[in-house]
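A note on names: the letters A, B, ... follow the listed sequences, proteins ahead of strands, and every chain is numbered from 1. Keep in mind that the numbers below use all heavy atoms, side chains included, and drop hydrogens, waters and symmetry copies. Values in this document were obtained by computation on a predicted structure and should not be read as measured data.
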Amino acid sequence: MPDRRAMLLCMDPSPSAPAGASADMLRPFSPPEQHIPRLRRALLDWFAVNQRRLPWRVNYTPYEVWVSEVMLQQTQMERGVDYFNRWMARFPDIAALAAADEEAVLRQWEGLGYYSRARHLLAAARKIVAEHGGVFPSDLEAIRALPGVGPYTAGAIASIAFGEKLPCVDANVERVIARVFDVDSPVKQDPAAGVVRRWALRLVPEGRAREHNQAMMELGALICRKKPRCEVCPLAEFCISRHLGIAEQRPVPGKRAVIKPVQAVTGVLRRAGLVFVQKRPPSGVWGNLWEFPGGRVEPGESPEAAVVREFMEETAFAVRVAETFGIIRHGYTTYRLTLHCFGLDLAAAGQTPAAQLTAATECRWVRPADLEALAMPAAHRKLADRLFAGKNQ
DNA sequence: TAAGCGTGGTA
DNA sequence: TTACCAAGCTT
């Protein structure tokens, strides 16, 4: 039973609290470090009632936990659901994934971005087959040694799938802890990052790591969002930054990336009812995905001249612009792409095409309908759909 | 250590 | 429309 008088004593407005703070602040305040057991209970009770029903919250097999955690890295939960269900239908277990072609794996992943995640999933599945007899390892070090598994994902698998008493510290948890404990420097950097990790570990209750870690992340996703919903938060009573009226100033952001605008071109080269595509190199952006050739527009260069130049540089084809397909705007990582799209023909009639690839590892002339089977970057898929959707076969 | 790596939703 | 953001990892 909480000490009512102590709670009321803690209600004194802090000198740093802004004047005119809302009535919400008149609720009791209990310093979190002195009420950890009650804080845990409030969180678990909230999660039991409010958690979303998600396909990876049914069986909690290591494989499903692993795939879901990787899939949700830097990805919004809602979008992950469809991808997860399709993935499990196609690759139901580790053996099925290990036996798959990379082409098929990337095609399943198309549209999710950060494609090294998919390549790493495949490589890790093969490693599990080769080194762990096809059984997902339960040892934290062995989990961490899998390709694409970093500190967050290793902790998530160990705790959610195997029940180890470890915290998961993702951006949601960073935000929750930065607010509850009023961490006042950028959370991604030390010393704040260390403070957050230590509090995260402190909070994990014995025997309930699975529920607790998911509850922390779910709270961050549903309640403790960028704009916090403190009025319905189960941790409001314990939250220092809410008590101070500065919850929206936490977490302290780090420096943000500069977004660079880029003018780029791409061209769909046609010949005898087929179109030309090439496969990007394994490393770098869109690794191992198929695309229409193209590249950046040089300063002072027209998009038409750029696409002709890029085709010569990348494929040794002499092409001419036959059609203009308009512009596709597409952001990726720290770039904002304005992609000028063209329909192209070979410049010399009767020329026998023999591409000399400088920006790709492989190329094909394919029927438009066959583009559906290739993994392509989102902007190129948009273009393909714009040109060929509904006209296939 | 910092930059590279995608995408679509939201305000 | 732009800016910011979402269950990070690799080099």
Side-chain angles (χ1 to χ4, degrees), chain A residues 51-52 54-57 64-84 106 109-121 123-124 143-161 167-176 186-190 193 197 200 210 212-222 224-227 248 251 253-262 280-289 291 327-339 375-382:
Chain A
Q51 68 172 296
R52 289 170 287 187
L54 297 164
W56 49 85
R57 286 182 179 160
E64 288 182 326
V65 171
W66 171 45
V67 171
S68 68
E69 289 299 337
V70 173
M71 209 166 254
L72 292 169
Q73 289 168 13
Q74 305 289 284
T75 302
Q76 288 161 336
M77 169 95 71
E78 312 279 330
R79 261 169 66 68
V81 173
D82 286 344
Y83 279 90
F84 180 86
L106 286 172
W109 202 267
E110 186 190 280
L112 266 183
Y114 290 126
Y115 296 93
S116 65
R117 293 183 294 170
R119 297 193 301 270
H120 285 143
L121 277 174
I143 297 171
R144 179 69 180 78
L146 296 172
V149 175
Y152 163 77
T153 305
I157 297 170
S159 65
I160 296 173
C168 299
V169 182
D170 71 339
N172 285 311
V173 175
E174 284 174 354
R175 191 167 55 254
V176 170
V187 282
K188 299 283 186 196
Q189 307 160 25
D190 283 328
R197 276 197 308 276
R210 169 186 292 173
H212 172 85
N213 283 335
Q214 293 191 89
M216 288 286 285
M217 293 189 279
E218 194 82 332
L219 188 74
L222 298 181
C224 198
R225 309 162 68 115
K226 186 168 84 162
K227 187 167 173 55
E248 294 202 42
K255 63 176 181 209
R256 61 183 78 119
V258 179
I259 303 297
K260 288 151 283 198
V262 173
R280 298 178 59 88
S283 64
V285 67
W286 302 309
N288 283 352
L289 269 63
E291 66 172 7
I327 287 172
I328 290 176
R329 293 181 206 284
H330 184 75
Y332 73 96
T333 59
T334 59
Y335 298 96
R336 193 167 52 78
L337 202 63
T338 302
L339 186 65
M376 305 178 78
H380 290 248
R381 177 63 67 194
K382 262 184 231 171

Q: B:dG6 base to A:Tyr114 side chain: any donor-acceptor pair below 3.5 Å?
A: yes
Q: Let me know the distance between CD1 of A:Ile327 and C1' of C:dT1, rounded to the nearest Å.
A: 15 Å
Q: From the list B:dG6, C:dC5, C:dT10, which nucleotide is the closest neighbour of the side chain of A:Tyr115?
A: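 Between B:dG6, C:dC5, C:dT10, the one nearest the side chain of A:Tyr115 would be B:dG6.
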Q: Considering only nitrogen or oxygen atoms on both sides, find all protein atoms under 3.5 Å from nucleotides 9-11 of chain B and state each distance.
A:
| residue | atom | partner | partner atom | Å |
| --- | --- | --- | --- | --- |
| B:dG9 | O4' | A:Gln76 | OE1 | 3.3 |

Q: Can you confirm if the aromatic rings of A:Phe84 and A:Trp56 lie within a centre distance of less than 6.0 Å?
A: yes
Q: Hey, does A:Trp56 reach any base, or is it just sugar-phosphate, or nothing, if we go heavy atoms under 4.0 Å?
A: base
Q: A:Ala156 near the nucleic acid: base, sugar-phosphate alone, or nothing, with a heavy-atom cut-off under 4.0 Å?
A: nothing
Q: Mapping A:Lys260 and A:His330 to their closest nucleotides on DNA chain B, which lands nearer the 5' end?
A: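 Looking at the nearest nucleotide for each, A:Lys260 comes out on the 5' side.
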Q: Going by the rule side chain to side chain contact (heavy atoms under 4.5 Å, CB included), which residues pair with A:Thr333 if we only count those two or more places apart in sequence or in a different chain?
A: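 Per chain and number, A:Thr333 pairs via side chain to side chain contact (heavy atoms under 4.5 Å, CB included) with A:Tyr114, A:Tyr335.
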Q: Can you check the distance between C:dT11 and B:dG6, where both ends of the measurement are the P atom (answer in whole Å)?
A: 13 Å
Q: Remember a base hit wins even if backbone is also touched, and classify A:Leu112 as base, sugar-phosphate or nothing at under 4.0 Å, heavy atoms.
A: base
Q: Tell me: NE2 of A:His380 to P of B:dG6, nearest whole Å?
A: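 The distance from NE2 of A:His380 to P of B:dG6 comes to 12 Å, rounded to the nearest Å.
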Q: Would you kindly compare A:His120 and A:Asp170 by the position of their nearest DNA chain C nucleotide and give the one closer to the 5′ end?
A: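 Its nucleotide being nearer the 5' end, the pick is A:Asp170.
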Q: So, is A:Trp109 close to the B:dG6 phosphate, meaning a side-chain N or O under 4.0 Å from OP1 or OP2?
A: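 Result: no.
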Q: Rounding to a whole Å, what distance do you find between A:Leu72:CG and C:dC9:P?
A: 13 Å
Q: Rounded to the nearest angstrom, tell me the gap between atom CZ in A:Arg381 and atom P in B:dG8.
A: 12 Å
Q: For the pair made of CZ in A:Arg119 and P in B:dC5, what is the distance, rounded to whole Å?
A: 11 Å
Q: State which of C:dG8, C:dT2, B:dG8 makes the closest approach to the side chain of A:Ala378.
A: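 Side chain of A:Ala378 sits closest to B:dG8.
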Q: So, does A:Thr75 get its side chain near the phosphate of B:dG6, meaning an N or O under 4.0 Å from OP1 or OP2?
A: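 Looking at the OP1 and OP2 atoms of B:dG6, neither is under 4.0 Å from any side-chain N or O of A:Thr75.
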Q: So A:Met217 and A:Ile160, do their side chains get closer than 4.5 Å, heavy atoms only?
A: yes
Q: Looking at every strand, decide which applies to A:Met77 at a 4.0 Å heavy-atom threshold: base, sugar-phosphate, or nothing.
A: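 Base: the residue A:Met77, judged by heavy atoms under 4.0 Å, touches a nucleobase.
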Q: Does A:Glu110 have any side chain to side chain donor-acceptor pair (under 3.5 Å) partners at least two apart in sequence or in another chain, and if so, which?
A: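 Scan of A:Glu110 (side chain to side chain donor-acceptor pair (under 3.5 Å), adjacent residues dropped) gives A:Arg381.
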Q: With respect to the side chain of A:Lys382, which nucleotide from B:dG8, B:dG6, C:dG8 is positioned closest?
A: B:dG8
Q: Whole-Å distance between B:dT7 P and A:Leu337 CG?
A: 10 Å
Q: Which part of the nucleic acid, if any, lies within reach of A:Lys227 when heavy atoms closer than 4.0 Å are counted: base, sugar-phosphate only, or nothing?
A: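 Since no nucleic acid heavy atom lies under 4.0 Å of A:Lys227, the category is nothing.
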Q: Can you tell me the distance, in whole Å, between the CD1 atom of A:Ile259 and the C1' atom of B:dC5?
A: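 A:Ile259 atom CD1 is separated from B:dC5 atom C1' by 12 Å.
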Q: Output the rounded distance in Å from CH2 (A:Trp286) to C1' (B:dT7).
A: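 Roughly 11 Å, once rounded to whole Å.
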Q: Do you know which two heavy atoms are closest between A:Cys168 and A:Val173, and how far apart they sit?
A: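 Taking A:Cys168 first and A:Val173 second, the nearest heavy atoms are O-CG2, 3.2 Å.
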Q: So, using side chain to side chain donor-acceptor pair (under 3.5 Å) as the criterion, who are the partners of A:Arg119 when residues are at least two apart?
A: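 Applying side chain to side chain donor-acceptor pair (under 3.5 Å) to A:Arg119 gives none.
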Q: Would you mind classifying the nucleic acid contact of A:Arg57 as base, sugar-phosphate or nothing, using non-hydrogen atoms under 4.0 angstrom?
A: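 Result for A:Arg57 = base.
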Q: Restricting to salt bridge (Lys or Arg N to Asp or Glu O under 4.0 Å), what partner residues turn up for A:Arg57, sequence neighbours left out?
A: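 A:Arg57: salt bridge (Lys or Arg N to Asp or Glu O under 4.0 Å) contacts with A:Glu218.
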Q: Counting the atoms with a prime plus P, OP1 and OP2 as sugar-phosphate, which does A:Gly331 contact under 4.0 Å by heavy atoms, base, sugar-phosphate, or nothing?
A: base
Q: Decide whether A:Tyr152 and A:Gln73 meet the rule of one side-chain donor and one side-chain acceptor closer than 3.5 Å.
A: no
Q: How would you label the contact of A:Val149 with the nucleic acid (heavy atoms, under 4.0 Å): base, sugar-phosphate, or nothing?
A: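 Sugar-phosphate only.
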Q: Can you list the residues that meet the salt bridge (Lys or Arg N to Asp or Glu O under 4.0 Å) rule with A:Lys382, with sequence neighbours excluded?
A: none
Q: To the side chain of A:Pro151, which of B:dC5, C:dC9, C:dT10 is closest?
A: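 Looking only at heavy atoms from C-beta outward on A:Pro151, the closest nucleotide is C:dC9.
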